[in-house]
Amino acid sequence: MQYNVEEFKKLAISMGFSNAGQLNMDALVFMPEVRQMCNSDSCTSYNKNWMCPPAIGTLEQSAVKVREYSFGMIVQTTAFMQDEFDYETIRDTQKKHKNNFFELVTLLRNKYSSVLPMGAGTCTICNKCTYPDKPCRFPDKAIGSMESYGLWVSKVCEMSSIPYYYGKNTLTFTSCFLLK
Ligand code: SF4
């Protein structure tokens, strides 16, 4: 299927993202090094969420899953921080990015039969994830992060000719979606 990159860009910007561009599908390389970072639990979500490792699946399963898709877009939200301790801006920007991404994915799912979203940060649809005691409450809505699938986000951006770093005191959240 042919997709119009410019239309997707326009849509993303109109929804509040600061940048968007086509994802290079060859950049979807699932790396043990990223999984190792998850395992070290630096973001405190490892083994605590259905959309994080180990529950989200192996790197091999990630690779098999994306083989079904032929097209992808990256969307980003960049903010300027007063300094590196500007936690308010960090929190607000993450929230804005996640909300906008959820809205974008909902819109895409209404239009296309199959969408694979990969967000920024762990799935936060529920205040407390049901993992591991009960099944995911919203398996059709839950969104794993690019990292949780095993992607090195800065490399994906670089290979897609999209900036990952926008300069001193900037903060950027990056997500992507794939279509068949
Ligand atoms: S939708 Fe809820 S239960 Fe499912 S992964 Fe997200 S937070 Fe966990």
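What you see is a predicted model, and the numbers here were worked out from it, not measured in a lab. Remember, it's 1-based here, ligands and their atoms both numbered in the order they're listed. Computed from heavy atoms alone, side chains included, the values below leave out hydrogens, waters and symmetry copies.
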Quiz item: Going by the order shown, which atoms of ligand 1 are within less than 4.0 Å of some heavy atom of M51?
Solution: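 Going through ligand 1 atom by atom, the ones under 4.0 Å from M51 are 5 (S).
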State, without any angle test, whether [X] and [Y] hold a side-chain donor-acceptor pair at a distance under 3.5 Å.
X: T174; Y: Q76; result: yes
X: K98; Y: T124; result: yes
X: S114; Y: Y69; result: yes

Practice problem: Could you list all the salt bridge (charged side-chain N to carboxylate O under 4.0 Å, His left out) pairs where at least one residue sits in residues 161-171, not counting sequence neighbours? | Solution: none
Quiz item: What is the total of protein N/O/S atoms that are closer to atom 2 (Fe) of ligand 1 than 2.8 Å?
Solution: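 Near atom 2 (Fe) of ligand 1, the number of protein N, O or S atoms below 2.8 Å is 1.
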Exercise. Taking salt bridge (charged side-chain N to carboxylate O under 4.0 Å, His left out) as the test, write out the residues that go with E6, two or more places apart.
Key: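 Residues passing salt bridge (charged side-chain N to carboxylate O under 4.0 Å, His left out) with E6: K9.
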Quiz prompt | Pair listing, side-chain hydrogen bond (donor to acceptor under 3.5 Å, both in side chains) test, anchored in residues 153-162, at least two apart | solution =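 Non-adjacent pairs meeting side-chain hydrogen bond (donor to acceptor under 3.5 Å, both in side chains): W152-S154.
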